[in-house]
Structure formats: C-alpha cells, structure tokens
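Worksheet for the structure shown next.
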Number of protein chains: 2
Amino acid sequence: MENITTPQASAKVLNVDLQLCFALYSASLSMTKTYKPLLAKLKLTYPQYLVLLVLWEKDGVTVNSIGERLFSDSGTLTPLLKRLEKLGLIQRQRAIEDERKVIITLTEQGKLLQSQAADIHPQIACSTGCTLTELKELNSQLILLRTSLINKLVTP
Amino acid sequence: MENITTPQASAKVLNVDLQLCFALYSASLSMTKTYKPLLAKLKLTYPQYLVLLVLWEKDGVTVNSIGERLFSDSGTLTPLLKRLEKLGLIQRQRAIEDERKVIITLTEQGKLLQSQAADIHPQIACSTGCTLTELKELNSQLILLRTSLINKLVTP
DNA sequence: CACAACTATATTGTACACAATTTAATTGTG
DNA sequence: CACAATTAAATTGTGTACAATATAGTTGTG
C-alpha cells in the first residue's frame, strides 16, 4: 500500500520523468522538431501547418472557428494568419454581413500546397516507430485526456 | 486494403483530428493550462516548474545538464533561470574550475518551495480523469514515442 | 432609436522555443 | 607555448501561447 504522504512517495511524485505532464510536453516538442525540417521546405511553421490543415478541410471560415478547432485564440491566430497572408497562402477579409468577423480563404497557392503537404504525415508516422494501430490508440487516449483536462478547466 | 495514394485516404490523413501530432500538441497545451492556476500561487510558469523539479532532485548542476534533462538549450534556459534568480529561488554562479560553466544552486527559499509544490501533482492527476495505471501506461508510451522521434532526428 | 451589453478581432506585454551567432574559456596539437 | 578547434553560455531575432485590454461592430431592451 503506497502512502503518498511519506517523503519517499513525495520525492517519487516530484521526479520529473514520472510526471505525465513532462512526457507530454517533451514528446510534443520532439514532434514539432521532427516536423520542422519537413515543413521548412514549404516555408511553414508547425502551428501554421495546423491552421492550413483546418483550412484544407474547409475554408471561408472565421478566425474564431479556426481557434475553436485548434484550441487557440485571436492573440495567437491574428499574427499567424497575417504571416500566412504575407506568404500568399490565404486571404483575410471582413464579412459583409457582420464586419466584426474576418473570413479566411485559401488562395490558389494555398490550395496547391495541400498536395505537397501530403507527403509529410506518412514520414512522421514512420519516425514515431509506432504501428498505425498504436498511433490510433495513442491518438484517442490523448484526445480523451485533453477532453478531461479542458472540462476540469471550465468547471473546476 | 488501404491505399494511401487515393484522394480519400489522403484527405483522411490530412484531417487534423486524425493526426497524432495535433492530439499531442493540444493535449500538451491543455495540460499547461491546467497547471497554470496551481502554479500561479507559487508565482511560477510551467517551464520554470520543470526546472525546479530537476533541481529538487539534485542541484548544484550546470545549465547544460538541466537542458539535457528537459530537452532544451541555453537560449531558452538562460532567461528562464535569470527570472528564477530574480524570484530568489536559485543562485547562478560560474564554476571555479571551469569558468565557462554556470552552476545553478537552490536558495533556501527555492528548497522550501518543494513542499508547497507537492500538492500540485495529485491535483493534476485528478484532472486527467485517468487511473494511476493509465497515467503510467500513457507516460511510458509517450517516452517511447519521444525517444523514437529524437533518434530519427539525430540519425535520419 | 438611444444605449448598454455583447461579440469578434486586434493589440500589448510577458514568457517560452529554438535557430543562428557571439563571446569567453578550455583543450588538443605541433 | 602558440593557436586552432572545441565547449559552455549568452545574445539576437522570429514565431508562438496566452492573459489582459482595446476597438469596433452588432443586438437587445425600453
């Protein structure tokens, strides 16, 4: 029977390698580093790539809807989207029916990038050293975890 | 039999929710957000907390050794450590035997913080909605993933 | 229709993350 | 011992992440 209040147990719990948070954090950063050289060929950063993934699915959407999809807000997205605009990949224009909204649309160049990006995912999947089944399993576990954490945040 | 080259399969693979990278990224950000209010009470950020976890295990170490442990470099650590110094939690001093090295030592205040931080991990574990077994399992899967990714980075 | 409340995005400021470069100290070689 | 190569940190510059605030447009209510 473990007693969490003993100094030994407390030290264990404070060991960085035993904390899921750190595994998550370092694995996420490693993943970003793995993407970096592949995305550099397309002159994209990893968060920019995520935004494009969302837009390739469906564009002509608001900043907010991208933010909901990616769990980020305008403070992050506005400058990021301006960089994508400067790269000529998207267009930003105020909605006519509600000028508070900014509609993000892919340019032809932005649409064309999709086919070039298609190579990336399989290469990453290979770098993980996991089988497709393992990847799917880990993916759904992480989504469950994320959902729990977010729910605890909203209603603590 | 799946053929990855069909437009359908390609669209699937480009769906952001199906990509492990995004699950990892968003779960990691959610985790950081969960820690934020708890760490705010100690006036710490999440990366600062990670550095302290390493130091609580063993202090009197170089910047580099902290970096190896946390997979980060001096560009990130130098300013972070200066902030911890300003908070009075650590001391930074050049090693006598090799003045290129900077030795990081916990102050008394920095050591005292450990007991206050002990509450945090159990609270996070609770927010994940996972059992201890599930947490350990996910943790080791993520460490394996990280190792694979880093190995592929070094020797591509 | 005036006007408060709300909504969508933008801006500002702090703190990473990380590549690239610089600085200073140390080590290996002739 | 001189000096090139190496090493450890620090610095610089770009790109997020995110809280807090500001701005501008819209909607609901009397």
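Below, chain A is the first sequence line, B the second, and so on; all start at residue 1. Computed from a predicted structure; not experimentally measured.
- To the nearest angstrom, P of dT16(D) lies 12 Å from CG of Leu70(A).
- Scored by the side chain to side chain contact (heavy atoms under 4.5 Å, CB included) test, Leu144(B) finds no partners at all (sequence neighbours excluded).
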Check your understanding: With the sugar-phosphate defined as primed atoms, P, OP1 and OP2, and the base as all remaining atoms, what B/S/- string results for nucleotides 4-18 of chain C, 5' to 3', for protein heavy atoms under 4.0 Å?
Key -> ---BSSBB---SSBB
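- Rounded to an integer number of Å, the gap from Lys43(A) NZ to dT14(D) P is 15 Å.
- Across the protein-nucleic acid pair, Leu39(A) atom CG and dT14(D) atom C1' stand 16 Å apart, rounded to whole Å.
- A salt bridge links Lys111(B) with Glu108(B): the closest approach of a Lys/Arg side-chain nitrogen to an acidic carboxylate oxygen falls below 4.0 angstrom.
- The nearest whole Å value for the distance from the CD atom in Glu85(A) to the P atom in dG15(D) is 15 Å.
- In this structure, Arg92(A) pairs ionically with Glu85(A), as a charged nitrogen and a carboxylate oxygen lie closer than 4.0 Å.
- Under the rule for a ring-ring contact (aromatic ring centres under 6.0 Å, His included), the partners of Tyr25(A) that lie at least two apart in sequence or sit in another chain are Tyr46(B).
- The partner of dT29(C) is dA2(D), judged by Watson-Crick or G-U wobble contacts that both fall below 3.5 Å.
- For the atom pair Leu53(A) CG and Cys21(B) SG, the distance stands at 7.0 Å (nearest 0.5 Å).
- Classification of the Tyr35(A)-Tyr49(A) ring pair by plane angle, with boundaries at 30° and 60°, yields tilted.
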